[in-house]
Amino acid sequence: MCHAFNYTIGDIYARFKRMKGFNVLYPMGYDSFGLPAENAAIKAGTHPKVYTDSAIANFKVQQRALGLSYDWSRVVSTCEPDYYRWNQYFFLKFFESGLVFRKAASVNWCPKCATVLANEQVHEGRCWRHKDRDVEQRNLEQWFIKTTKYAQELLDCVDGLDWPERIKLMQKNWIGRSEGVTLRFDVVDDSGVVVDGVETFTTRVDTVYGITYLVLAAEHPKVLEYVKGTELEAGVLAFVEGVKGQSTIERTAEGREKSGMFLGRYFINPFTGEQCPLWVADYALYEYGTGAVMAVPAHDQRDFEFAGKYGLPMRVVIVPEGETFDTDTLEAAYADDGVMVDSGVFNGLNNQDAKEAIADLAEEQGWGWRTINFKLRDWLVSRQRYWGTPIPMVHCQSCGVVPVPVEELPVLLPDNVSFGGGNPLENNPDFVNTNCPKCNGPARRETDTMDTFFDSSWYYLRYCDSQNSAAPFAPEKTAYWMPVDQYIGGAEHATMHLIYARFFTKALRDLGYLDFDEPFTRLFNQGMIHGEDGFVMSKSRGNIIEPRAIFKRYGIDATRFFLVSLAAPNKDMIWSSDAIEGSKRFINKVIRYFETVETGVSNPMVESKLNAAIRDVTEDIAGFKYNFALRRIRELFDALTPVENRATLESFLKLLHPFCPHITEEFWERLGNKDFLSISSWPSCDEEKIDPRFELVEELVDQVRQDIRQIRDIVKEEPETIKIYIAQAWKYMVYEKALLGSKNLISEVMADPDVRRAGKAAAKFAQSLMKRHFLKPILPQIDEKTALTDSVKLIEDEFTCGVEIMFAEESRSEKAARAEPGRPGIELS
RNA sequence: GCGGGGGUAGCCAAGUCCGGUCAAAGGCGCUAGAUUCAGAGUCUAGUCUCAUAGGAGUCCGAGGGUUCGAAUCCCUUCCCCCGCACCA
């Protein structure tokens, strides 16, 4: 149902924009490579290609059934050579420009997927697909894409995007820029001889006088180098292996105890000249910064805990104004701002100023340099799996890694493979064995395939020119259509697809393929549909709502209507089998109405409502407030009478059409139209026809009827006659003056002879109005009379009794005397 | 811990930016009446409490405050959801 929801949101928007006269590119494509398909195929004992094709066919049936107005001529499927050859093409282009490289690194490995993962695909230390399985670290040589080259630009452009703030924030956090200083320390041996140097990145250079030790990450190559041949070697080696053997989740678990070992070396803090010990610790991350952390236990909680555990010294160098700290009684690190102490020439400065001054000093002395660090890592794109784009590279014994020439693309994914014994490509000699493009000697094909996020990073460009067999797309076509004006997707893409696609756009721009910076101008984040139990729909929970069963039972239009009527589409919502009945009911009412309505002349009240609805619905759809739009449409529908003019009926159908394309198209035709409603033009609002007095009339009549009911219920007697007294003419004069807000209301109104004739009652009424802080707008006396006279039949029918409407002047009744503008006197008898 | 979003009547959900027409839209559920042999469906009304004349009281997580007036503005506090998280 989640897919249906997402598609419906997009289709409504596309239909709306189309009717508004835009040339809308609204395509569909299938991100059909990938592990889920491969695994499902293996499980089902079939080939991924067969499995994928049937899944797509199935999808298409559902999508067509949903009435989605896709341009099917542009459909793409990423597992087709027509598509993935261009993945290979871009891979080679990136390789040429240095954006693709190969390196050995400690990488994320998901045992369930049996492949490596990019950083973005590890969530809370687990594979994004397998929340129940920890990701392991393995040292492997892999293909990477240099996304970090664009880290700064990716960050800078976030602010200019018309995206939900939370997604923008997630991107910023993910890119994770931090400004600091890289410091270089001399490393000395036991006897104080300088033997090496080590670099460390810090954002808190103001705390350098508080450094008491330094830790290296377990993976840091210097760890083993320093202990080699010493009595510490065995212990440290065991420690390092132990750390590496832990899963990411174990290593980063909250509140876990930190541990480490001394490395037998020291370093000199150039600021103090002090010699402090060098440690290896599990809390230092090799991938971030330089993989080494200067430790300031007094001002960093992690260092504080570590120092406490191993009895390492602590030195306070920042205190809150006017306070002192005693290291013996300090219960936690002090990480806030304050005044510098025990920091040589910087004493007395506030620490923020000191940060700059110390950085200046470090740079002057050559001890370090200002550095900007990003959390974003390069994108690990190779996967040890079959169902993906083959990486177009060849390993030659003599030439090394050689790219496949562009003319030889695509490197086809072989069909004939067997599963079960590792990567099927590796075990396929026909695929693996090849000749080196350079020396023509024997060579092996790269057997890794690409992360499927590579496929999805540029598909929107392919939509512009999906049949092009000579190029990924023609530049003039992308120039016409792109960037995407409106993108719709879930928040789960925030730090994966949306990062990669943005990177791709920038990289392709710099390679000369595109002339814009960002792929998706506006992003709308749809909410999630939860099962009736309130949980996310999942097969394992058994709370899935099968779209086809729903379509069958309620029909497509009712389903579409329901999906966007409950809540704003950007909010999560809980599926409700009851509530969809309400949508179905409405659709049935619309159908019945259009089956019986006669065309004729509409009344001005309906015209007024129609135009107000056009105005509001247009605005609501444009702002994705579909639930509001539907509420307006319902209200408008309630106002329609058995005879309406054709234009009114057509406008109503137009407003409803994006939501319910089928029934509206049907009745559009029955009204005598030859062309499709879906390509007709969106109605425009005629402000002239909107008269707020109609609302007052409705309110007045409703109010009177409600009052009658209430009185009847209180006296518990069915009335025989109902007398309704329209307030005295002079009360309207007074009320209108009061609405204008005069200060001397009483004397002002008493100047009017008609009012004065009412005597004390007039003064009293004026006074009571002045006491009210808010006055409702009212109708003129005569309009009230007309409105109520028009409603006599209605009231008579409801209460099955006679109804008399008269002016209060015509009666001496006490009820007549209390009549007010907007609130006629009522007498039941 | 940091950041973001929320808490509105039996349920879902508007309203909050720009305070008053807010006992608070709409939908669902429920109740009553009409239609019907009956049910379904449809239509009408009601659905916080009290009330023998259209009224009164209480209410928008909790507690304070500003204001003639607060669901709406300010402060404090509790709870829920989401993202990031040993990032130096």
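Atom set for the values below is all heavy atoms of this structure, side chains included, hydrogens, waters and symmetry mates excluded. A, B, ... follow the sequence lines: proteins, then strands. Residue 1 opens every chain.
Distance noted for atom P between B:G4 and B:G57: 41 Å (whole Å). Atom name C1', nucleotides B:G39 and B:C50: the rounded distance is 37 Å, in whole Å. Atom name P, nucleotides B:G61 and B:A56: the rounded distance is 25 Å, in whole Å. Spacing of P atoms, B:C60 relative to B:A70, comes out at 12 Å, to the nearest Å. A distance of about 14 Å separates the P atoms of B:A23 and B:U47, rounded to the whole Å. A gap of 48 Å separates the P atoms of B:A40 and B:G19, to the nearest Å. B:A25 and B:C48 have their P atoms separated by 10 Å, with the value rounded to a whole Å. Look at the P atom in both B:C17 and B:U72: the space between them is 9 Å, to the nearest Å.
The listed nucleotides are B:A14, B:C82, B:A88; the one nearest the side chain of A:F628 is B:A14. Closest to the A:D282 side chain, of the nucleotides B:G3, B:C86, B:A88, is B:C86. Candidate nucleotides B:A13, B:A88, B:C86 were compared by shortest atom distance to the side chain of A:A567, and B:A13 ranks first.
In this structure A:D206 satisfies the side chain to side chain donor-acceptor pair (under 3.5 Å) test together with A:R204, A:N351, sequence neighbours excluded. Every residue meeting the side-chain contact (heavy atoms from CB on, under 4.5 Å) condition with A:M261, not counting sequence neighbours, appears here in chain and number order: A:V236, A:F239, A:V280. Remark: A:Y288 pairs with no residue by the ring-ring contact (aromatic ring centres under 6.0 Å, His included) rule, at least two apart or across chains. Qualifying side-chain contact (heavy atoms from CB on, under 4.5 Å) partners for A:R632, counting only residues two or more places apart in sequence or in other chains: A:D616, A:V617, A:D620, A:E635. With sequence neighbours excluded, the residues satisfying side-chain contact (heavy atoms from CB on, under 4.5 Å) with A:R585 are A:E581.
Base engagement by A:A284 is indicated by at least one non-hydrogen atom pair under 4.0 Å involving a base atom. Within the 4.0 angstrom heavy-atom criterion, no nucleotide atom of any strand lies near A:F586. Contacts of A:R177 with the nucleic acid, taken as non-hydrogen atoms under 4.0 Å apart, are absent.
In this structure B:C28 sits in a base pair with B:G10, meeting the Watson-Crick or G-U test at under 3.5 Å. Nucleotide B:U21 forms no Watson-Crick or G-U wobble pair with any nucleotide shown, as no partner meets the under 3.5 Å limit on both distances. The partner of B:U36 cannot be assigned: no Watson-Crick or G-U wobble pair with both contacts below 3.5 Å exists in any strand. For B:C50, the paired nucleotide is B:G55, the pair qualifying as Watson-Crick or G-U wobble because both relevant distances are below 3.5 Å. Pair assignment for B:C2 gives B:G83, based on Watson-Crick or G-U wobble hydrogen-bonding distances that are each under 3.5 Å. Base pairing analysis places B:C73 opposite B:G65; the two distances defining the Watson-Crick or G-U wobble pair are each below 3.5 Å.
Using cut-offs of 30° and 60° on the angle between ring planes, the pair A:H497 and A:H493 is perpendicular. Ring-plane geometry between A:F306 and A:W279 is classed as perpendicular, the angle between the planes exceeding 60 degrees on a 0 to 90 degree scale with a lower cut at 30.
When each of A:D572 and A:F374 is assigned the nucleotide of RNA chain B bearing its nearest heavy atom, the one mapping closer to the 5' terminus is A:D572. Residues A:W174 and A:R592 both approach RNA chain B. Their nearest nucleotides, taken by heavy-atom distance, put A:R592 toward the 5′ side.
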Identify each donor-acceptor pair in which a side-chain atom of residues 694-704 of chain A lies under 3.5 Å from a protein atom, sequence neighbours left out, and give them as a table.
residue	atom	partner	partner atom	Å
A:E698	OE1	A:K609	NZ	2.9
A:E698	OE2	A:K609	NZ	3.2
A:Q703	OE1	A:R823	NH2	3.3

Under 3.5 Å, side-chain donor or acceptor atoms of residues 708-718 of chain A against the rest of the protein: list the pairs with distances, not counting sequence neighbours.
residue	atom	partner	partner atom	Å
A:R709	NE	A:E798	OE2	2.5
A:R709	NH2	A:E798	OE1	3.0
A:R709	NH2	A:E798	OE2	3.2

Expected rows: protein N/O vs nucleotides 21-32 of chain B N/O, under 3.5 Å:
residue	atom	partner	partner atom	Å
B:A25	N3	A:R631	NH1	3.1
B:C28	OP1	A:R585	NH1	3.2

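Straight-line distance from the CG atom of A:L794 to the C1' atom of B:A34: 15 Å, rounded to whole Å. Here the C1' atom of nucleotide B:C86 and the NZ atom of A:K309 are 13 Å apart, to the nearest Å. Rounded to a whole Å, the CD atom of A:E287 is 12 Å from the C1' atom of B:C86. Distance, A:K375 NZ to B:G83 P: 14 Å, rounded to whole Å. Distance, A:N373 CG to B:A88 P: 8 Å, rounded to whole Å. Between the CE atom of A:M573 and the P atom of B:G6 there is a distance of 18 Å, given to the nearest Å. In this structure, CG of A:N119 is placed 14 Å from C1' of B:A85, rounded to the nearest angstrom. A straight line from CG of A:N570 to C1' of B:C81 spans 15 Å, rounded to a whole angstrom.
Using a 4.0 Å cut-off between charged nitrogen and carboxylate oxygen, A:K793 and A:D797 count as a salt-bridge pair. With respect to A:E784 and A:K731, no salt bridge is recorded, no charged nitrogen being found less than 4.0 Å from a carboxylate O. The existence of a salt bridge linking A:E804 and A:K723 is excluded, since no basic side-chain nitrogen approaches an acidic carboxylate oxygen closer than 4.0 Å.
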Sugar-phosphate or base contact per nucleotide [nucleotides 45-58 of chain B; S, B, -; heavy atom under 4.0 Å]: SS----BSBBB---
